[in-house]
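All chains are named by letter (A, B, ...) in the order of the sequence lines, taking the proteins before the strands, and each is independently numbered beginning at 1. The structure displayed is predicted, hence computed values, not measured ones.
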Number of protein chains: 2
Amino acid sequence: MGETDAASVDLEIIADGPRSKPETRLWLRMLSTTKLISTEIRKRLRAEFGATLPQFDLMAQLYREKDGLRLGEISKRTMVTNGNITGLVERLEVDGLVLRETPDGDRRVTVARLTARGTEVFAAMAAAHEGWLRDMMADVDPAVISHLWHDVGRVKSSVANHLSGAPDE
Amino acid sequence: MGETDAASVDLEIIADGPRSKPETRLWLRMLSTTKLISTEIRKRLRAEFGATLPQFDLMAQLYREKDGLRLGEISKRTMVTNGNITGLVERLEVDGLVLRETPDGDRRVTVARLTARGTEVFAAMAAAHEGWLRDMMADVDPAVISHLWHDVGRVKSSVANHLSGAPDE
DNA sequence: AAGGGATATTTCAAATGTCAAAGGTTTGAC
DNA sequence: GTCAAACCTTTGACATTTGAAATATCCCTT
């Protein structure tokens, strides 16, 4: 019968290429690790809060900006395309977690911000979220974690400087 | 008028939480970095080969197993859910890159493997793929890359051991 | 050989994601 | 003032993803 269907990713035998270049091996490992974590977070968000990961991301942005954010700004911060923000915010508004309004100055703009209830709900989600991550990474030395944070930052910078779209200069 | 709409992700100012726990900060940074890279790879795969990232992942698995793989096995290795494999393989079959067959022994099973043309096409994609990654990570010290590979592996192991689904024992 | 339970794949609805174009608004040059 | 260009959001057409349920097949016990 219908079971959980989720690819029960047993572990790290996911096939990081054995004879690939270092950059490729790192990439594959980052990709599978990220997917592992996000699948887990998605599962827990759904189970405990009935929320999705994109919704969580969006609310996280609004949580930091009590005055709200323009939709375009949300798009940039979450790396979610514009067209997508519309529906996302719409659903959150229906749930009473987010509220949309047009500022007086510029009627092209729509600003979204958390409702009181949205703020409350997000605070709970964020706390849980942090706990989940701490649990999942419990076996990793704290020093390694901050070191990783630093080095992944280097990778991110390098990548950002070598995109095909906008060569930075 | 209709422009490119893609959230022109300028760089690392994506908002890694400033006062979050280290684990959360690492997670957010890994997530945004991964997204940055995969968006770029997706773009190039599409432009140069007319392929999608999941298709590439799938073919990568088949490339290593000349005798083919069961769909469920592909699902586990690529972390793509079962339901997804079906359509993915279907499209690749239409394109003549992959071929499906049911082994005599067990008619529940479907085995997919690359066609001659699929093998050829994938080899080209893999070479390009490796080059893109080398370019993107060009500013990162090789020692940092292999160190990262190692440490991300630790994170992955830890996470794998703390999933809600199968607590390992 | 019949049935229950496990396996493997497929199907389905809802949410998300991309890309491209269309709608309103504002701004600035004239 | 008026018009064109720039700006912000929404729409629309589709492909993909997820989670869960439905199908189909096999295996084991009786």
Side-chain angles (χ1 to χ4, degrees), chain A residues 1-9 35 38-47 50-58 68-76 78-95 100-112 165, chain B residues 1-9 35 38-47 50-58 69-76 78-95 100-112 164-165:
Chain A
M1 307 249 216
E3 267 297 294
T4 301
D5 193 18
S8 56
V9 180
K35 194 146 191 178
S38 61
T39 296
E40 179 68 11
I41 291 182
R42 200 192 315 275
K43 187 183 301 180
R44 299 202 195 185
L45 270 179
R46 168 192 262 297
T52 66
L53 192 48
Q55 286 172 350
F56 177 78
D57 277 355
L58 198 159
L69 285 171
R70 300 160 154 221
L71 301 197
E73 185 57 26
I74 297 176
S75 172
K76 275 179 207 144
T78 58
M79 298 175 93
V80 167
T81 49
N82 264 327
N84 227 343
I85 298 291
T86 300
L88 219 35
V89 170
E90 230 163 52
R91 258 166 260 132
L92 287 170
E93 192 172 36
V94 169
D95 292 345
R100 260 185 303 192
E101 54 191 17
T102 299
D104 291 346
D106 190 338
R107 273 184 304 176
R108 289 172 301 183
V109 175
T110 299
V111 170
Chain B
M1 309 255 211
E3 269 296 292
T4 301
D5 194 17
S8 55
V9 181
K35 195 152 189 177
S38 60
T39 296
E40 179 68 11
I41 291 183
R42 198 194 321 273
K43 189 182 301 180
R44 299 202 195 187
L45 270 179
R46 167 196 265 290
T52 66
L53 193 49
Q55 285 173 351
F56 176 78
D57 277 357
L58 197 159
L69 284 171
R70 299 158 155 224
L71 301 197
E73 186 57 26
I74 297 176
S75 172
K76 275 179 207 145
T78 58
M79 300 178 92
V80 167
T81 48
N82 265 327
N84 229 340
I85 299 290
T86 300
L88 218 34
V89 170
E90 228 162 54
R91 259 167 264 133
L92 287 171
E93 190 172 39
V94 169
D95 291 346
R100 257 187 304 192
E101 53 192 16
T102 298
D104 293 345
D106 190 338
R107 272 184 305 174
R108 288 172 302 181
V109 175
T110 298
V111 170
S164 59

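In the set dG19(D), dT11(D), dT10(C), the nucleotide with an atom closest to the side chain of L71(B) is dT10(C). Set against dG17(C), dT9(C), dT18(D), the side chain of R42(A) has dT18(D) as its closest nucleotide.
Across the protein-nucleic acid pair, L45(B) atom CG and dG17(C) atom P stand 20 Å apart, rounded to whole Å. In this structure, the NZ atom of K35(B) is 13 Å from the P atom of dT17(D), given to the nearest Å. Rounded to whole angstrom, the span from the CG atom of N82(A) across to the C1' atom of dG12(D) amounts to 15 Å. Distance NZ (K43(A)) to C1' (dT17(D)): 15 Å, rounded to an integer number of Å. Rounded to a whole Å, the CD atom of E90(B) is 14 Å from the C1' atom of dA15(D). With rounding to whole Å, I41(A) atom CD1 is found 14 Å from dT18(D) atom P. Regarding I85(A), its CD1 atom lies at a distance of 17 Å from the C1' atom of dC7(D), rounded to whole Å. Per the geometry, CG belonging to N84(B) stands 14 Å off C1' belonging to dA15(C), to the nearest Å.
An OP1 or OP2 oxygen of dA8(C) is reached within less than 4.0 angstrom by a side-chain nitrogen or oxygen of R70(B). The side chain of T81(A) contributes an N or O atom lying less than 4.0 Å from OP1 or OP2 of dT18(C).
Among the protein residues, Q55(A) comes within range of the sugar-phosphate backbone only, with heavy atoms under 4.0 Å from sugar or phosphate atoms but none that close to a base. Here L88(A) lies in heavy-atom contact (under 4.0 Å) with sugar-phosphate atoms only.
Under the rule for a side chain to side chain donor-acceptor pair (under 3.5 Å), the partners of R100(B) that lie at least two apart in sequence or sit in another chain are E93(B). Take R44(B) and apply the salt bridge (Lys or Arg N to Asp or Glu O under 4.0 Å) test, not counting sequence neighbours, and it matches E40(B). Applying the salt bridge (Lys or Arg N to Asp or Glu O under 4.0 Å) test to D106(A) and every residue at least two apart in sequence or in another chain returns R108(A). R42(B) meets the side chain to side chain donor-acceptor pair (under 3.5 Å) test with no other residue; sequence neighbours excluded. Listed by chain and number, the residues in a salt bridge (Lys or Arg N to Asp or Glu O under 4.0 Å) with E101(A) are R113(A) (sequence neighbours excluded).
Where R100(A) and R46(A) meet DNA chain D, the nucleotide closest to each residue was compared, and R100(A) sits on the side nearer the 5' end. Comparing R91(B) and V111(A) by the nucleotide of DNA chain D that holds the closest heavy atom to each, the one mapping nearer the 5' end is V111(A).
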Shorter than 3.5 Å, N or O on both sides, protein versus nucleotides 26-29 of chain C: list them out with atom names.
from    : atom 1 : to      : atom 2 : distance (Å)
dT26(C) : OP1    : R107(A) : N      : 3.0

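A donor-acceptor contact shorter than 3.5 Å links the side chain of T39(B) to the backbone of K35(B).
The CZ atom of R91(B) lies 10.0 Å from the OG1 atom of T86(B); values are rounded to the nearest 0.5 Å.
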